[in-house]
Amino acid sequence: MPRPPRPEQLGLTGMPRRLFPATPSKLTTFTSCPRRYYLTYLVRPAPPKGPPWAHNSVGAAVHNALREWWLLPPPRRTPTAGGAALAAGWISEGFRDDKQSARWRDRARDWVEGYLATADPTDEPIGLERQIAVRTSRLALSGRVDRIDVRGDEVVIVDYKTGRWVPTTDDARGSTALAVYALGAARTLRRPCLQVELHHLPTGRVVTWRHTEETLGRHVSRAEQLADDIEACTDTVEAGADPQDVFPARTGTQCGWCDLRRHCPAGQAAQPDKASWAGLPVEADDPGAASPVVPSPPRTA
């Protein structure tokens, strides 16, 4: 069903421009592949996605276990309790077989217990998987933060990572999501929030970036420009243009991981199908996975 005309389209002078609702994921999807954005956010009913990925199951199980650990009373926050939470909430979807799933459950349990061995159980976070929202003159941004810590007079954004890509400072500096979380936390909690952190559980690496008002402003400006581009493309399609032309597929290695590749001939031609466990790092005892843990490629600020 077509969207109702915006105030500026109706020619009503003096009416404020409608804010563009967005999450960091929504903006990133348009940047990485306009076709995927169209299929995800504009086509209704939404086309069915592909089968679940094993590496997503690992990530979700780890995130859930860490949340459950922080919800325990401080005296019960032991590394073993975190490992038990991981095992109890394990997600087995996407693995080659039960043997591979069990092996990765044990590996993820080791990650969680090793990570929590360095955590202070009495250092209470101010937010766990907290929904954050922030408005600019152009955008209504929202997202969910893994954890918000208190450090002195400031709050700090903590984002867990479990993938085979080892994050770098560039990843923390260039992440629109982390910038949005910092802005939202500062406004919601009424405390300064400039520091963002990526905690990579497989390696124990913690990557930190400290924003300034200027760097956060640059993230907002880029997000607002993306909103303008998205709305222009959407209006063009609603005016009768072919979505295939307005929202072209941006093909590359990412096509092999796309949940919507079955609906995209260009993506199918660009990359072959990948096994649902192909995103797991290769380990000596698991020749069925795809590749080792390696540093992530550079990202722009």
Side-chain angles (χ1 to χ4, degrees), residues 25 51-131 143-149 156-167 171 177-178 181 196-207 257 259 275-294 296:
S25 176
W53 298 96
H55 62 275
N56 287 343
S57 294
V58 172
V62 168
H63 279 70
N64 291 342
L66 293 175
R67 180 197 64 223
E68 293 302 314
W69 189 81
W70 283 110
L71 292 176
L72 292 172
R76 293 177 55 195
R77 292 177 188 163
T78 64
T80 302
L86 183 285
W90 182 245
I91 301 170
S92 59
E93 294 181 334
F95 293 93
R96 181 178 59 242
D97 49 36
D98 290 344
K99 182 178 179 181
Q100 186 189 49
S101 174
R103 181 164 52 245
W104 276 94
R105 180 195 62 214
D106 294 342
R107 188 166 294 141
R109 183 171 188 162
D110 289 342
W111 294 351
V112 169
E113 292 183 353
Y115 176 75
L116 294 177
T118 66
D120 181 352
T122 65
D123 192 7
E124 202 74 39
I126 199 171
L128 290 173
E129 295 196 0
R130 179 162 182 164
Q131 194 72 20
R144 189 173 63 178
V145 187
D146 288 342
R147 197 175 90 209
I148 306 175
D149 287 351
V156 174
I157 300 300
V158 173
D159 191 47
Y160 304 129
K161 295 297 180 186
T162 60
R164 57 181 178 174
W165 298 111
V166 182
D171 293 303
L178 293 180
Y181 299 155
V196 298
E197 297 179 355
L198 297 174
H199 292 203
H200 189 244
L201 272 80
T203 60
R205 182 173 184 177
V206 174
V207 176
W257 306 101
D259 290 328
S276 62
W277 58 88
L280 298 171
V282 162
E283 300 289 348
D285 60 344
D286 186 11
S291 64
V293 174
V294 294
S296 59

Review point. Hey, mind stepping through R67 and N64 against side chain to side chain contact (heavy atoms under 4.5 Å, CB included) and telling me if it holds?
Key: CA-CA 5 Å; R67 180 197 64 223; N64 291 342; 3.3 Å; yes
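- Nearest heavy atom pair, residue G94 against residue S276, reads O-OG, 2.7 Å.
- Distance check, rounded to the nearest 0.5 Å: NZ of K161 to OG1 of T203 gives 13.0 Å.
- Going from atom OH of Y115 over to atom NE2 of H199 covers 4.5 Å, rounded to the nearest 0.5 Å.
- The distance from atom CZ of R105 to atom CG of L86, rounded to the nearest 0.5 Å, is 9.0 Å.
- Here the straight-line distance linking atom OH of Y181 with atom CZ of R130 works out to 14.0 Å at 0.5 Å rounding.
- With sequence neighbours excluded, the residues forming a ring-ring contact (aromatic ring centres under 6.0 Å, His included) with W90 are F95, listed by chain and number.
- Of all non-hydrogen atoms in D149 and P125, the two that sit nearest each other are OD1-CB, 3.9 Å.
- When the shell of 6.0 Å around CG of D120 is examined, it contains more than 12 heavy atoms from other residues, nucleotides or ligands.
- At least one donor-acceptor pair closer than 3.5 Å links the side chain of H200 to the backbone N or O of G163.
- Here the CG-CG distance, from L66 to L116, works out to 5.5 Å after rounding to the nearest 0.5 Å.
- For the residue pair A108 and V58, the shortest heavy atom distance occurs at CB-CG1, 4.4 Å.
- Considering every non-hydrogen atom in both R96 and R103, the closest pair reads NH2-NH2, 3.6 Å.
- Residue pairs satisfying the salt bridge (Lys or Arg N to Asp or Glu O under 4.0 Å) criterion with at least one member in residues 73-93, sequence neighbours excluded, are listed as follows: R77-E124.
- Using cut-offs of 30° and 60° for the angle between ring planes, the W104 and W111 rings count as perpendicular.
- Of all heavy-atom pairs between L178 and V196, the closest is O-CG1, 3.7 Å.
- To the nearest 0.5 Å, the span separating CG on D159 from CD1 on I148 amounts to 11.5 Å.
- At least one side-chain heavy atom of E68 sits under 4.5 Å from a side-chain heavy atom of L71.
- Counting heavy atoms from C-beta on, the side chains of V207 and D171 never come closer than 4.5 Å.
- A pairwise comparison of heavy atoms in A119 and W69 identifies CB-CH2, 4.2 Å as the closest pair.
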